[in-house]
Amino acid sequence: STKRSPMMLRRLTAVRPVAFRRRVRPFFRASEKNNEVEVEVKEEKDLANVGYGDAAPRPDRVLSLGLTRRPLFPGMVHSLTLSAEATRAVAAERQAGRPYLGVFFRKETAVAPPSSSTSSPPSSSSSSSEKAELLLELETAEDPLDVIFKTGTFAQVHSVQETPDGNSHALLLVHRRCDFETLVDLGPPPRFGVEHWPKEVFEEAAEDDERSDLIRALSNEVVATIRELVQVNPLYREHMNFFTQRVDIGDPYKLADFAAALATGEPLQLQKALEARDVVDRLRLALELVSKERELGKLQQEISKQVEEKITAQQRTFMLHEQLKAIKKELGVEQDDKDALVKKYEEKVKFLDEGVHEDEDAASTKRRQKKEEATTGLIPKEAKAAIDEELAKLRSLEKNSAEFNVTRSYLDWLTAIPWGRTKKETFDVDKAMAVLDEAHYGMNDVKERILEFIAVGKLVGSVKGRIVCFVGPPGVGKTSIASSIAKALGRDFARFSVGGLEDVAEIKGHRRTYVGAMPGKPVQALKSVKSFNPLILLDEIDKLGVGRGGDPASALLELLDPSQNANFLDHYLDVPIDMSQCLFICTANVDHTIPPPLLDRMEIIRLAGYDLEEKVHIAQNYLLPRAFQDAGLVPKSPPVVGDQDDDDEKEPTTADRAV
């Protein structure tokens, strides 16, 4: 039967006699319509399906296929992947009672390295399948030997299983070697006239025969190498057992074929082993191939051992760390990472409620509060409820989940806001005048308006609800005078520029659903100054932009409007924030580009430029001392720019030479 399994083939001990019977011969013709292979059946006398190995039929012409990866060796069972055309041709041959093929290795693929590895032996039906196709390029080749090697193998097809992609897997039993003689039929499929190799029998010679000794020595070395290979790679053990049950291990011809079939060397070396007729040459080539396979197996085993040792060491270290964590947790020495994180947030909330910093004790807190005249912090109910809810969620989440990191970032911001922590203001007009004169020269009308602003705040008790806008050309001191006002009032100073701002999220914050979401710039300013009543400077407010992210000017209305900013809602924090205690000062170069709704809510203070006398005085009393300080040349008294006494005999100082 053509469907016998390899296990059944082991029991074929007797060769049935050659018999003739009537068979149908398929004749193949290419269709011009769809380029498919059509089959016409003709009757003729042919050999029956009898015999195994050298006792198998010896037809003078066979259907021939081309191999793309490696040649096949006699005595072994191989799995082939057949193309759709080859599948139809093989099916027709089996239907006609001739399940025999001639398989030849292609020359164009002989230079390519083998695709199989030492971990997958090629000489088994369970290995990776060899690709077999019809030799269609013979139509254009002048000589078939330009396409294939002359020596191939004669094989018998035992089973064919189709695959969903239109190809099929065929199980072949290779009988013997055969040589290409002539092209009988171009096909498709092509048929070759072949000459079968005679039966190879090894005859023991006299004991003193050097050739016999050499053959025995080579055979023993091949067997020893195969045994080492089996120890290195256990996947070859099955093939070794299969070989010893089917083949006489004392036959050097079959031993060499088995060793070469095990190897995954270069295709040209395998083809040379297939073409070798002399048993000594064949054994030498097989020994070389299987020795390389052994060395590759040892290298693979060494790499696998190194990786296994590394993984084992990492697993051992991980287990020891986990055991150490469990022991510390039981003893109370150390907590779990998540528990420690929750405890940290609870302590931060406690610090915020008591108005203390995380890194100071009670005495230090009292001294700092007395020095800064700061009040204790109180977290609003909405913010406290949000923190408690997020802490409860954090306790139930896994550390490796994405929601855990989002919740952790949200809690970081909620506990970083200085809830209720304010600094007491000082409405000292004389001190404010000294601070303004120290940093600015001239601008008497601007200083007078600022002192009036501070005096009104002293009478009322607060300056909240006021929005001042300094308008003037660049370089007149708009930003520096805002810093002086913060120093005079005893407030913290925060600044951010809104020039070119086109996204509302920069003011109102991003939604927490977005990756990299953050609160808006006003909330970031509160976090940086660590107080709830700073002086916030909005620089370049006349250069606001409008883009796809919305209108920032509309968002600033809610921030600057005294009737709305007491419950300013940031999209990220999603809890009301009291921004009414902040003092907002804006700067602009011109006022006609400021949106009218914003302009109506501001008190405009214009700053003009300086005349020549004021510029000279500023250079002498402000710019030069700062330049000397920046250069490391600090004179005892500021240098005077002007005419010097020619009769002065004192040696000039380094500062004088610098001037």
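Residue indices begin at 1 and follow the sequence shown. This structure is a prediction, so every number in the text was calculated from the model and none was measured.
Taking 4.5 Å as the limit, some side-chain heavy atom of Lys305 sits within range of a side-chain heavy atom of Glu309. Looking only at side-chain heavy atoms (C-beta outward), Asp60 and Val194 stay at 4.5 Å or farther from each other. For the pair Gln524 and Trp413, the minimum side-chain heavy-atom distance is below 4.5 Å. Side-chain contact between Thr317 and Gln314 is absent, with no heavy-atom pair separated by less than 4.5 Å. Put simply, the side chain of Arg211 reaches to within 4.5 Å of the side chain of Val279, judged on heavy atoms. Within the 4.5 Å cutoff, no side-chain heavy atoms of Val174 are placed close to those of Phe154. Under the 4.5 Å side-chain criterion, counting only non-hydrogen atoms from C-beta, Ser409 is not in contact with Phe404. Side-chain contact between Leu172 and His158: absent, with no pair of heavy atoms (C-beta onward) separated by less than 4.5 Å.
A salt bridge links Asp179 to Arg277: at least one charged side-chain nitrogen sits closer than 4.0 Å to a carboxylate oxygen. A salt bridge links Glu390 with Lys393: the closest approach of a Lys/Arg side-chain nitrogen to an acidic carboxylate oxygen falls below 4.0 angstrom. Ion pairing between Glu288 and Lys292 holds under the 4.0 Å rule for side-chain N and carboxylate O. A salt bridge between Arg177 and Asp257 is present, with a side-chain N of the basic residue lying under 4.0 Å from a carboxylate O of the acidic one.
The two residues Phe105 and Arg70 come nearest to each other via the heavy atoms CE1-N, 3.4 Å. Nearest approach of Ile226 to Ala259, heavy atoms of both residues: CD1-CB, 4.0 Å. Here the closest heavy-atom approach between residue Ala517 and residue His510 is recorded as CB-CB, 3.8 Å. When all heavy atoms of Ala260 and Leu270 are compared, the closest pair comes out as O-CD2, 3.6 Å. Considering every non-hydrogen atom in both Arg94 and Pro99, the closest pair reads CG-CB, 4.0 Å. Across Pro74 and Leu274, no two heavy atoms sit closer than the pair CD-CD1, 4.3 Å.
The environment of CZ in Arg408 is sparse: at most 12 heavy-atom neighbours from other residues, nucleotides or ligands sit within 6.0 Å. Other residues, nucleotides and ligands place no more than 12 heavy atoms under 6.0 Å from the CD atom of Gln161. The local environment of CD in Glu308 is sparse, with at most 12 non-hydrogen atoms from other residues, nucleotides or ligands closer than 6.0 Å. Around the CZ atom of Arg316, the shell of radius 6.0 Å holds no more than 12 heavy atoms that belong to other residues, nucleotides or ligands. Within a 6.0 Å sphere centred on CD of Glu398, heavy atoms belonging to other residues, nucleotides or ligands number 12 at most.
Each of Val222, Leu218, Ile215 was evaluated against Leu255; a single residue qualifies, Val222, per the side-chain contact (heavy atoms from CB on, under 4.5 Å) test.
If you check the side chains of Tyr345 and Asp412, you find a donor sitting under 3.5 Å from an acceptor. For the 3.5 Å distance criterion, the side chains of Glu293 and Thr264 qualify, holding a donor opposite an acceptor. With 3.5 Å as the limit, one finds no donor-acceptor pair spanning the side chains of Arg58 and His196.
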Could you go through Val230 and Arg227, starting from their C-alpha distance and side-chain angles, then the distance that decides it, and tell me whether this counts as side chain to side chain contact (heavy atoms under 4.5 Å, CB included)?
CA-CA 5 Å; Val230 170; Arg227 288 176 178 173; 5.6 Å; no
The test is side chain to side chain contact (heavy atoms under 4.5 Å, CB included); show your working for Ile148 and Lys107 and say whether it passes.
CA-CA 5 Å; Ile148 61 172; Lys107 287 187 176 180; 5.8 Å; no
If you apply the rule salt bridge (charged side-chain N to carboxylate O under 4.0 Å, His left out), what do you find for Glu302 with Lys298, and how did you get there?
CA-CA 6 Å; Glu302 183 179 353; Lys298 290 182 178 179; over 6 Å; no
Run the side chain to side chain contact (heavy atoms under 4.5 Å, CB included) check on Leu287 and Arg284 step by step: do they pass?
CA-CA 5 Å; Leu287 179 59; Arg284 289 185 186 276; 5.7 Å; no
Evaluate the salt bridge (charged side-chain N to carboxylate O under 4.0 Å, His left out) criterion for residues Arg191 and Glu93: first the C-alpha distance (whole Å), next the side-chain angles of each, then the deciding distance (0.1 Å), finally the verdict.
CA-CA 12 Å; Arg191 290 178 178 276; Glu93 285 288 299; 2.5 Å; yes
Evaluate Phe180 against Leu145 for side chain to side chain contact (heavy atoms under 4.5 Å, CB included), listing each step before the verdict.
CA-CA 8 Å; Phe180 169 81; Leu145 294 180; 3.7 Å; yes
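A donor-acceptor contact shorter than 3.5 Å links the side chain of Asp278 to the backbone of Asp281. Of the possible polar contacts, one joining the Gln271 side chain to the Thr151 backbone as a donor-acceptor pair under 3.5 Å is found. Counting only distance, with no hydrogens or angles, the side chain of Glu181 and the backbone of Phe192 share no donor-acceptor pair below 3.5 Å. Side-chain N or O atoms of Ser304 include none that pairs as donor or acceptor with a backbone N or O of Gln300 at under 3.5 Å. Within the 3.5 Å criterion, the main-chain N or O of Ala56 finds a donor-acceptor partner in the side chain of Arg176.
Considering CZ of Arg282 and NZ of Lys272, their distance stands at 15.5 Å, rounded to 0.5 Å. Atoms OG1 and NZ, on Thr415 and Lys344 in that order, are 7.0 Å from each other to the nearest 0.5 Å. In this structure, CG on Leu411 lies 6.0 Å from CG on Leu394, to the nearest 0.5 angstrom. Rounding to the nearest 0.5 Å places NZ of Lys310 at 13.0 Å from CD of Gln315. Rounded to the nearest 0.5 angstrom, Leu72 CG and Leu80 CG are separated by 5.5 Å. Rounding to the nearest 0.5 Å gives a distance of 5.0 Å between CG of Leu173 and NE2 of His175.
In this structure, Arg512 satisfies the cation-pi test against Tyr410, with its NZ or CZ atom closer than 6.0 Å to the six-membered ring centre and inside 45 degrees of the ring normal.
A centroid separation of 6.0 Å or more is found between the aromatic rings of Phe149 and Phe104.
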